[in-house]
Amino acid sequence: MKKPYFVPGGRLLAATLIALAGMAAASADQVNVYTERQQVFLDDIFAAFTEATGIEVEALYIDKGAVERLASEGEASPADVIILTDIGRLHEVVKQELSAPADSPEVQAAVPAWLRHPQGLWVALTRRARLVYAHNDEQQLPAHYEDLAAAGMEGSLCLRSGSHPYNVALFAAYLDRYGEEKALGWLSGLNQNLAREPQGNDRAQIKGVASGECRYAIANSYYYFKMLNSDDSAERDAAAQVQLVAPTFVDGGTHVNVSGAAIARHAPHPEAALALINFMVSSQAQKIYAERNFEMPVREDVAMTGQLADASALIESDSQQLADIAQLRSEAARLAVEAGLAK
Amino acid sequence: MQLEFSNVNHYYGRRQAIGGLSFDLRQGEIGVLIGPSGAGKSTVLNCIAGLEPIVSGEIRIGGELASGTRVHVPAERRQVGMMFQDSALFPHLDVAGNICFGIAKRTDRSTRLAELLELCRLADYAGARVHELSGGQQQRVALARALAPRPKLLLLDEPFCSSDAALRSELLAEVRQIIKEEGSTALMVTHDQAEAFEFADRCGVLDSGTLCQWDSPYNLYHRPNCALVASFIGDGALIPGTLVSEHEVETELGVVSSDQRLTTLLMEAGHKVKVLMRPDDVVLANGCGGTRAQVFKRAFRGADILYGLRTGAGTELYACLPSRHDLAAGDAIEVSLQVEHVVVFPAVE
Amino acid sequence: MRPAAVLRLPLAGLIVLAVLAPLLGLGIDGAAFASLAERAPALGRYGVNTLLLAASAAGLAALLGTACAWLIERCRFAGRDICAFALFLPFALPPYLAAFIWSDLADRIGIGFALRNPLGAALIMALALYPYVYFLVRPAFSQQTGALSAAARTLGCTPWQAFCKVSLPLARPAIAIGALLVAMETANDIAVAEDYGLATLGYFVYDSWLNRGERAAAAAAAILLALLALAASWSETVSRIRQRHHQSQLRTFASEKIAKLSGGKALAAAGVCWLPVLLGFAIPVLALIRHALLAPAVAWQRLPAGLLGTALLIAGAAALAYLLAAAFAFVRSRSRVPGLFEMLARSGYAIPGSVFALGCLGAAAAAASILKAITGVSLYWLWVVAPVVLIYALAVRYLAVAAGALEAGVAALSPGLDKTARSCGLSRWQRLRMVHLPLMAPALAAGLLLIATDIAKELPLTLILRPFGMTTLAVEAYGFAADEDLLGAAPPALALVALAAAGLIVVHRHFRAGNRISAG
């Protein structure tokens with residue numbers, strides 16, 4: 001009967017860890033981050049920040065629900081900064097009044113006005129374009145998003161679920177520009193041209209083009225670049241057979257979503273929080289984003305390299321208000337269901 | 001013959017469970033195999049039911065070959081009913097569901113069910129759940145279930161071993177009566193000879209997978225044909241003696257004579273033998289020239305007392321005396337023999 | 001009145017509150033019900049989809065789990081012992097990971113569309129979750145007395161008919177509980193539904209709340225989902241109460257006959273048993289091993305931290321789950337509505353994990369403010385920095401498994417045993433330690449393995465509720481998988497599999513010992 005002795009041991013361990021964690025969270029030269037982004041590349045940026053400022057970063061990678069956790073913790077929350085992946089989630093922070101202004105001169109200088117909240121309640125950190133992919137042999141490349149909905153192209157288009165936030169943001173952008181009737185027509189056109197039921201993630205759409213299942217696919221650009229640079233030869237080979245197309249809406253502009261950050265309203269370390277955001281829009285951090293995650297920087301003065309630079313050059317920048325897109329998400333999601341792109 | 005069990009052999013791995021066993025049952029007859037646990041009783045039933053294949057020999061049920069060296073009719077096609085220890089009723093079905101389980105034709109069900117409920121005194125319990133019944137009721141349901149498809153043969157595997165003594169004898173009589181009313185042929189196995197004697201038309205003692213006598217309970221008791229049966233069945237002792245003539249054997253307690261010839265090819269006059277003494281063969285002969293014997297143990301049985309006696313020469317035997325003679329261990333009495341059925345076996349040298 | 005009786009009512013209230021807190025913490029209000037009425041047709045469609053998916057996954061899992069359990073318990077064939085062990089392993093892989101891997105494999109040969117549909121999802125979920133059924137049904141088969149199917153045979157049933165008419169109905173309660181757990185997990189799954197483009201209620205709740213901030217709509221769908229789970233749970237409970245078998249009254253004088261298979265039959269049996277292991281475990285794990293060889297170094301470096309966090313959560317949450325289950329059993333055994341408590345124990349499975357996590361956040365906030373009002377000190381920091389809320393949430397979520405294990409353990413005890421022990425002069429604690437625990441050990445150990453594996457691979461709760469500095473293997477794996485990077489996800493996923501296999505080796509011995517006890 002050795003087991004009973006294990007339990008007090010476990011409790012002791014737990015108590016120790018709790019104490020350690022408590023000390024970590026309470027330390028002064030530190031900034032606490034809640035994020036719905038992935039650890040893979042953010043850790044490098046945080047390491048660079050600590051090196052530059054001496055401030056330690058404690059990050060909690062929460063896939064979804066960081067905003068809700070922040071909200072429920074209220075004044076007691078240890079979080080200083082919240083980093084999110086989609087304009088919709090940033091908008092949620094503003095809606096629930098969870099953020100404080102991050103309106104430093106550094107931010108104002110680095111980030112174009114359309115990529116931040118007027119009062120600095122959120123600041124975009126990267127741009128992420130939603131583009132089209134076709135096989136290298138494909139002759140007929142779509143110039144506009146509308147071309148994907150054109151008649152006579154049945155069975156050609158692949159995309160992930162129409163209710164995914166990336167697609168919903170694209171649909172909301174269209175809805176914002178052209179209104180409900182046109183948007184529904186466009187979405188129905190997309191639905192008619194589907195090669196298969198909406199399914200899979202963004203990489204699966206690109207693989208679908210490579211395998212011939214799909215003639216065109218819609219996906220975020222960094223996934224394509226990550227595939228091209230993957231350690232997995234199968235992913236590399238698939239991406240190598242596929243070319244990237246940067247369409248615009250008929251009246252110009254490519255759909256761009258953002259990832260961004262905000263300072264928590266009850267941040268225990270507001271100065272450190274602002275320092276982190278200033279650092280994240282600095283050339284140094286923006287470069288890491290571009291190199292490690294193939295996302296387009298918000299700064300115009302950061303040089304991109306290779307394929308990313310080529311792609312970025314294709315993208316027609318656009319000043320469509322991101323806040324409007326965020327507000328139209330529910331409406332866009334409803335239209336997607338109506339058109340049959342989401343169930 | 002409703003059941004012919006001829007020269008059957010069965011092995012578990014390399015261990016022989018049944019060795020050259022033969023017996024039979026006529027239509028309407030009830031047979032019982034008595035034996036200690038591990039004697040192969042259940043194996044015999046399983047072979048008949050088709051739950052175990054046999055290695056050699058033949059089993060015929062209702063004249064049809066069911067098991068042979070290369071023949072094995074599966075259990076479900078043998079039309080053999082079986083009652084198990086612990087009743088083995090289906091706990092997920094009610095009484096009616098259990099009884100009707102084996103009735104193939106849907107149309108026969110209601111009449112047969114009503115008939116059996118009546119026969120087994122279960123009429124009020126058709127919808128009852130199995131766990132709501134008493135032990136005796138459960139056994140009657142098990143019997144009704146086994147009888148429901150009108151099997152050619154009914155097998156009973158120590159069905160009363162978990163019932164208490166009083167309930168057991170009541171159930172025994174009841175079950176026997178039901179079987180007789182149905183006109184079924186039945187084979188029961190048990191380790192309890194009282195149960196066997198009460199139940200059987202014919203019975204036998206099974207030991208290590210062999211059977212040396214298959215006879216009426218009366219004959220098994222009074223005319224056992226081997227020492228094993230003699231010592232297993234009933235109380236009694238084998239005492240040494242000498243054949244003095246064709247019809248007489250001399251023992252320490254005097255000469256016993258028999259109507260039947262005692263000598264055989266192997267046992268001639270003058271040979272040493274063992275003589276079976278049942279407790280009722282020994283009578284009190286105080287002051288009538290009996291042999292002196294000392295009581296060394298006693299067992300009070302109500303109407304009579306079973307005494308273990310030891311003679312001067314050290315021979316041990318049993319006597320069943322009316323309980324009005326209350327003797328204690330160590331008391332000396334005189335006894336003599338009054339033997340109806342004289343049974344002798346060759347003395348083992 | 002004895003102290004136990006005085007304590008009973010407040011204890012019952014406290015336990016009910018503790019278990020329902022995450023649901024109450026969702027703050028479902030009138031707006032949610034209004035939204036439910038307004039969206040009835042659309043939600044009805046999601047409901048039907050969910051039911052179909054959950055039912056087909058549960059049906060497939062029941063079929064696989066029962067068939068394998070029966071073959072393992074009743075037949076002997078080459079490799080049977082290894083197979084009995086391996087059949088549990090698919091449970092070590094989170095369903096979403098198996099789904100992503102199969103999806104990736106299918107894409108490589110251009111047939112992704114053939115897999116990513118409701119039927120494919122049901123198949124994937126069944127392959128990942130059938131061990132629930134397998135684990136619960138095996139003891140049910142091994143404890144059945146052989147006389148029952150022998151009786152069925154002599155009453156004219158072929159072996160197959162005897163299985164269908166006797167063995168299967170007797171194992172039905174165990175099959176039903178297992179299938180119910182599979183169905184509820186499937187209905188609440190999000191990652192597979194998202195990747196396979198399915199419109200389930202679970203996904204709708206997640207999507208509308210966390211992607212679009214439509215709280216009322218999400219709450220409405222959550223209510224519907226919880227009602228469906230409740231209905232399924234209720235029907236299972238009712239059918240089991242009606243089917244109370246009192247199997248324990250039967251002395252198992254003869255265990256069921258075990259068929260030695262050879263030739264074609266042995267091959268077929270081995271094929272049936274190895275198929276789920278192959279599809280649910282071997283192929284995905286081979287793919288993972290290949291991915292792991294190419295994985296970035298950082299994925300390997302974080303394994304120790306993940307392992308530590310996983311171990312901590314298992315120790316804390318499994319202990320609390322058993323404690324809660326014991327309190328539950330105490331209250332239930334003296335309640336006039338035991339069925340209600342049974343359903344309550346399963347409420348953790350009633351809604352998707354991420355929504356459950358939000359409820360826990362709400363409940364924690366409420367509890368913190370109450371505590372502050374009473375003590376004047378904010379204890380929230382403790383909840384935020386320590387895995388208090390997380391351990392509580394995990395314990396409540398998997399209470400159903402702990403309660404089931406405890407129930408199975410108690411079933412192994414007979415009242416006479418306690419009297420005997422008492423007559424030997426053993427005190428209450430001595431009886432517990434020397435008599436009850438050893439007898440309950442097989443069931444408790446089997447339950448512990450299920451809970452530990454469940455906790456180790458649990459996702460939304462751990463992601464959302466863990467404190468700073470804490471990570472688990474599942475969190476690590478998902479961090480990469482969510483970025484559509486299966487290479488990085490491979491090392492932590494393999495560590496998860498190794499952990500489950502190690503736990504299985506420890507518990508399997510107990511499991512066999514348990515079979516011996518019940519057969520003896």
Side-chain angles (χ1 to χ4, degrees), chain A residues 1 6-7 10 13-14 17-18 20-22 24-25 32 38-40 43 58 60-65 68-69 72-74 76-78 86 88 91-92 95 160-161 163-165 168 196-204 207-208 211-213 223 226 230-232 234 329-330 333 337 342-343, chain C residues 42 49 103 107-110 112-113 116-117 194-199 206-207 210-214 291 294-296 298 312 315-316 319 354 357-358 361-362 364-365 368 378 380-382 384-387 433 460 463-470 475 478-480 482-488:
Chain A
M1 293 299 290
F6 173 72
V7 177
L13 181 67
L17 280 172
I18 288 164
L20 284 175
N32 298 326
Q38 305 311 325
Q39 192 160 6
V40 190
D43 268 356
E58 273 292 337
L60 197 57
Y61 298 88
I62 302 173
D63 181 60
K64 273 284 155 67
E68 288 69 21
R69 176 162 171 173
S72 89
E73 287 169 354
S77 177
D86 173 69
H91 182 70
E92 194 67 33
K95 202 171 91 185
R160 76 192 302 169
S161 166
S163 62
H164 191 275
V168 170
R196 61 187 187 194
E197 288 286 299
Q199 58 180 251
N201 53 27
D202 273 11
R203 290 192 207 217
K207 286 176 204 163
S211 73
E213 255 185 87
Y223 286 122
K226 282 183 175 187
S230 172
D231 291 324
D232 185 346
R329 280 176 304 151
S330 292
V337 172
K343 284 172 190 162
Chain C
N49 281 343
S103 195
D107 276 330
R108 279 167 197 237
I109 51 172
F113 65 94
R116 283 188 298 255
N117 51 52
E194 182 175 49
D195 192 50
Y196 284 37
L198 310 179
Y206 162 87
D207 184 44
L210 290 174
N211 285 334
R212 294 196 299 280
E214 299 168 4
H291 290 330
L294 303 167
V298 63
L312 183 71
S354 47
L358 297 184
L361 283 174
S378 171
Y380 206 93
W381 65 270
L382 179 73
V384 171
V385 299
R433 195 167 59 83
L463 269 175
I464 297 176
L465 299 176
R466 80 208 143 104
F468 278 111
M470 177 178 223
V475 165
Y478 191 70
F480 290 98
D483 197 37
E484 306 181 5
D485 180 3
L486 284 176
L487 303 189

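From a predicted model like this one, the values you see are computed outputs, not experimental measurements. Order of the sequence lines sets the chain letters (A, B, ...), proteins ahead of strands, with each chain counted from 1. Any value given below was found using the heavy atoms of this structure, including those in side chains, with hydrogens, waters and symmetry copies removed.
With contacts defined as side-chain heavy-atom distances shorter than 4.5 Å, the pair E213(A)/D107(C) qualifies. Residues Y223(A) and D483(C) form a side-chain contact, since some pair of their non-hydrogen atoms from C-beta on lies under 4.5 Å apart. K64(A) has its side chain within reach of N211(C): a pair of non-hydrogen atoms, C-beta onward, lies under 4.5 Å apart. Contact check for I464(C) versus E68(A): no side-chain heavy atoms found under the 4.5 Å cut-off.
Contact count against chain A (heavy-atom pairs under 4.5 Å) is highest for G479(C) among G488(C), G479(C), G469(C). Chain A forms the most heavy-atom pairs under 4.5 Å with one residue out of R212(C), E214(C), H291(C), M470(C), and that residue is R212(C). Among D195(C), V298(C), L487(C), L358(C), the residue making the largest number of heavy-atom pairs under 4.5 Å with chain A is D195(C). When the candidates L294(C), L210(C), I109(C) are compared by the number of heavy-atom contacts under 4.5 Å with chain A, L210(C) comes out ahead. For the set A42(C), G110(C), S103(C), the count of heavy-atom pairs under 4.5 angstrom toward chain A peaks at G110(C). Your options are N201(A), V337(A), D231(A), and the one with the most heavy-atom pairs under 4.5 Å with chain C is N201(A). By number of non-hydrogen pairs under 4.5 angstrom with chain C, the leading residue of K95(A), R160(A), E92(A) is E92(A).
With a 4.5 angstrom heavy-atom cutoff, E197(A) does not touch chain C via any of its atoms. For Y196(C), the part lying under 4.5 angstrom from a heavy atom of chain A is the backbone only. The part of D43(A) that comes within reach of chain C is its side chain, from C-beta onward, which places non-hydrogen atoms under 4.5 angstrom from that chain. Both the backbone and the side chain of D485(C) come within contact range of chain A, with heavy atoms under 4.5 Å apart. Within the 4.5 angstrom heavy-atom criterion, only side-chain atoms of R196(A), from C-beta onward, approach chain C.
When all heavy atoms of R466(C) and R69(A) are compared, the pair lying nearest together is O-NH1, 2.6 Å. The shortest non-hydrogen separation linking A365(C) to S72(A) is CB-O, 3.3 Å. Listed here is the closest heavy atom pair of D207(C) and S163(A): OD1-O, 3.3 Å.
Partners of D232(A) by side-chain hydrogen bond (donor to acceptor under 3.5 Å, both in side chains), not counting sequence neighbours, listed by chain and number: R108(C), R290(C).
Judged by distance alone, with hydrogens and angles left aside, the side-chain atoms of R116(C) form no donor-acceptor pair with the main-chain N or O of Q199(A) at under 3.5 Å. Using modelled atom types, no side-chain atom of E58(A) and backbone atom of F468(C) make a donor-acceptor pair closer than 3.5 Å.
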